[in-house]
2 protein chains.
Amino acid sequence: MVELNYEEVATLLRVLGNPTRVMIVKELSKGQRCVCDLENRLGISQANASQHLNILKVNNIVDCIRQGSSRCYYLKQPDFIKRLFELIKKKGV
Amino acid sequence: MVELNYEEVATLLRVLGNPTRVMIVKELSKGQRCVCDLENRLGISQANASQHLNILKVNNIVDCIRQGSSRCYYLKQPDFIKRLFELIKKKGV
DNA sequence: TTAGGATATTCTAATATTCTAATATGTACT
DNA sequence: AGTACATATTAGAATATTAGAATATCCTAA
């Protein structure tokens with residue numbers, strides 16, 4: 001049985017524990033999005049979106065591919081995210 | 001389908017997103033513990049344990065009952081915690 | 001190669017979090 | 001009441017996080 005590393009678990013949860021990042025991740029669970037999509041749909045600034053996406057990327061939650069002059073961000077483990085949100089939904093926050 | 005409130009979800013994850021609180025929650029998933037148990041087993045100070053327990057309590061993760069002069073803390077939704085950790089374990093952090 | 005759109009980076013101010021030390025409160029026992 | 005043990009609260013310093021403004025970089029098309 002693999003033991004969990006407290007620091008890593010905490011980091012993962014802390015990274016996901018920001019309302020803007022929750023919005024982003026939720027939006028990405030519907031499909032790939034470029035930065036400007038996220039800006040428009042979520043009503044956040046370009047710089048802010050980019051900063052949060054970077055935090056998510058560094059922490060292996062998302063990744064991106066070039067798509068012409070823009071970048072498409074996507075969840076690296078969409079199943080994990082879906083299950084996580086379902087679990088929280090069931091919990092009743 | 002109930003929609004998730006970003007702020008609430010983020011708060012829940014942020015509360016759990018601290019290594020000391022992960023340790024505490026993990027320890028409590030094994031059973032009830034009083035503050036001094038947690039101090040000893042986790043090697044944290046009394047004040048620090050108490051502060052983190054308060055954060056967990058205010059955010060509905062734990063609750064406690066008196067037990068003589070000490071207090072027994074316990075998880076309010078142990079199943080949720082177990083599933084959460086299992087999910088993270090499966091993910092591979 | 002230049003212009004413009006799309007995204008990233010850097011800096012800063014405001015705010016939040018965390019730990020420690022000191023003090024307070026509460027309970028049990030004599 | 002007085003003492004000892006268990007826990008909570010407070011205050012303050014150190015650090016981390018966040019959003020926004022300004023600027024830089026990258027890519028594409030002309």
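Proteins come first, then strands; the chains are lettered A, B, ... in the order of their sequence lines, and each starts at number 1.
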Handout entry: Rounded distance in Å - CD (A:Glu39) to P (C:dA8)
Key = 10 Å

Completion exercise
note: B:Leu53, atom CG; D:dA6, atom C1'; distance rounded to Å ~ 13 Å

Handout entry: Backbone of B:Leu38 reached by a side-chain donor or acceptor of B:Glu27 within 3.5 Å
Key = no

Within the sub-3.5 Å range, which N or O atoms of nucleotides 19-22 of chain C have a protein N or O partner, and how far apart are they?
from: C:dC19; atom 1: OP2; to: B:Asn48; atom 2: OD1; distance (Å): 3.4
from: C:dC19; atom 1: OP2; to: B:Asn48; atom 2: ND2; distance (Å): 3.0
from: C:dC19; atom 1: OP2; to: B:His52; atom 2: NE2; distance (Å): 2.6
from: C:dT20; atom 1: O4; to: B:Gln51; atom 2: NE2; distance (Å): 3.1

Problem - Whole-Å gap separating P (C:dG26) and CD1 (B:Ile65) - result: 19 Å

Handout entry: Nucleotide of D:dT9, D:dC27, C:dG26 approaching A:Ser69 most closely (side-chain heavy atoms)
Key = D:dC27

Exercise for the section: Check side chain to side chain donor-acceptor pair (under 3.5 Å) between A:Lys76 and all other residues, then give those that pass, not counting sequence neighbours. Expected result: A:Asn60

Problem - Rounded distance (Å) that lies between atom P of D:dA8 and atom CD1 of B:Ile44 - result: 12 Å

Problem - A:Arg71 vs A:Arg14, nearer the 5' end of DNA chain D by closest nucleotide - result: A:Arg14

Exercise for the section: Take A:Leu42 and A:Thr20 through the test side chain to side chain contact (heavy atoms under 4.5 Å, CB included) and record every step on the way to the result. Expected result: CA-CA 8 Å; A:Leu42 308 180; A:Thr20 302; over 6 Å; no

Completion exercise
Whole-Å distance, A:Ile24 CD1 to C:dT7 P, equals 13 Å

Handout entry: d(CG, B:Leu38; P, D:dA8) in whole Å
Key = 10 Å

Fill in the blank from the handout: In whole angstroms, the gap separating P of C:dT17 from CG of B:Leu56 amounts to 14 Å

Exercise for the section: Kindly say whether A:Cys36 contributes a backbone atom to a donor-acceptor pair with the side chain of A:Asn40 at under 3.5 angstrom? Expected result: yes

Practice task
Mark yes or no for whether B:Ser50, through its side chain, and B:Gln46, through its backbone, hold a donor-acceptor pair below 3.5 Å.
Solution key: no

Exercise for the section: Please tell me which of the listed nucleotides, D:dT7, C:dT18, C:dT7, lies nearest to the side chain of B:Arg21? Expected result: C:dT18

Handout entry: Donor-acceptor under 3.5 Å (A:Asn59 side chain, A:Ile55 main chain)
Key = yes

Practice task
Answer yes or no: does a side-chain N or O of A:Arg66 lie under 4.0 Å from OP1 or OP2 of D:dC27?
Solution key: yes

Exercise for the section: On DNA chain D, check which nucleotide each of A:Ile55 and B:Cys36 is closest to and give me the residue with the more 5' one. Expected result: B:Cys36

Practice task
Please state how far atom CD in B:Gln67 lies from atom C1' in C:dA28, giving the value in whole angstrom units.
Solution key: 14 Å

Exercise for the section: Indicate yes or no for a side-chain donor-acceptor contact from A:Arg71 to the backbone of A:Cys34 under 3.5 Å, with no hydrogens or angles considered. Expected result: no

Exercise for the section: Look at the side-chain N and O atoms of A:Tyr73 and state whether any lies under 4.0 Å from the OP1 or OP2 oxygen of C:dA6. Expected result: no

Exercise for the section: Give one of base, sugar-phosphate or nothing for B:Ser70, where a contact means two heavy atoms less than 4.0 Å apart. Expected result: sugar-phosphate

